Amino acid sequence: PKLIHGAQLSGPMLFSLAESYVGAVNDGQVPSIKDAWSSVCETECRKQVEARVKAFRAAADLLFETEFPMDGAALAEWQQAAEEAA
């Protein structure tokens, strides 16, 4: 596997890095590994947050369809479990 700063690169991450380097060279600049890597990390973090929020919302929708109404303690317990799963 390809690694940068100890982190494994996925195909889309490697593509994004290459795209950043090529863009810098085409613009007559020197590619910045640090800037490109920061951009890849931000993009990956954003994707992960969006995926976790989507999973939490799906679990909440299912809960509302099947379990409501429920008492506050049960809801708090569900929320704790859903946050850990997401």
Side-chain angles (χ1 to χ4, degrees):
K2 302 294 181 195
L3 301 174
I4 290 185
H5 301 293
Q8 188 171 347
L9 292 174
S10 67
M13 292 169 72
L14 187 58
F15 177 80
S16 183
L17 278 174
E19 188 175 47
S20 178
Y21 297 156
V22 169
V25 170
N26 285 343
D27 291 341
Q29 301 173 351
V30 176
S32 169
I33 293 171
K34 183 178 179 182
D35 291 344
W37 181 243
S38 292
S39 177
V40 167
C41 289
E42 287 175 19
T43 300
E44 288 301 307
C45 286
R46 190 176 317 108
K47 287 180 186 177
Q48 289 299 317
V49 167
E50 289 171 0
R52 301 302 180 240
V53 168
K54 185 177 179 179
F56 186 87
R57 286 186 177 154
D61 288 345
L62 181 62
L63 175 75
F64 294 145
E65 291 173 6
T66 60
E67 302 291 329
F68 260 65
M70 67 180 0
D71 64 44
L75 180 59
E77 184 178 315
W78 173 87
Q79 180 180 2
Q80 176 80 21
E83 286 174 357
E84 290 172 4

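Position 1 is the first residue of the sequence; numbering continues from there. What you see below is based on every heavy atom in this structure, not just the backbone, and it leaves out hydrogens, waters and symmetry mates. Because the structure is predicted, anything quoted here is derived from the model rather than measured.
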Using only atom types and a distance under 3.5 Å, with no angle test, would you say the side chain of [X] pairs donor to acceptor with the backbone of [Y]?
X   : Y   : answer
S38 : K34 : yes
D71 : A73 : yes
S20 : S16 : no

Report task. Write down the atom of A36, the atom of Y21, and the distance for their closest heavy-atom approach. Result -> CB-CE2, 3.6 Å
**Report entry** Closest non-hydrogen atom pair between P31 and A24, with its separation
**Finding:** CA-CB, 3.8 Å
Query raised in the report: Would a 4.5 Å heavy-atom cut-off, applied to side chains only, mark F64 and M70 as touching?
Result: no
Query raised in the report: Thinking salt bridges, do E50 and K47 make one under a 4.0 Å N-O criterion?
Result: no
Requested in this report: Report yes or no: do Q79 and E83 form a side-chain donor-acceptor pair below 3.5 Å?
Outcome: yes
**Report entry** Between OG on residue S39 and CD on residue E44, distance to nearest 0.5 Å
**Finding:** 10.0 Å
**Report entry** Linked hydrophobic residues, V22 as query - side chain contacts closer than 4.5 Å
**Finding:** none
Query raised in the report: Has I33 got more than 12 heavy atoms of other residues, nucleotides or ligands less than 6.0 Å from its CD1?
Result: no
Query - Step-by-step ring-ring contact (aromatic ring centres under 6.0 Å, His included) determination, W78 to F56 - result: CA-CA 11 Å; W78 173 87; F56 186 87; 5.5 Å; yes
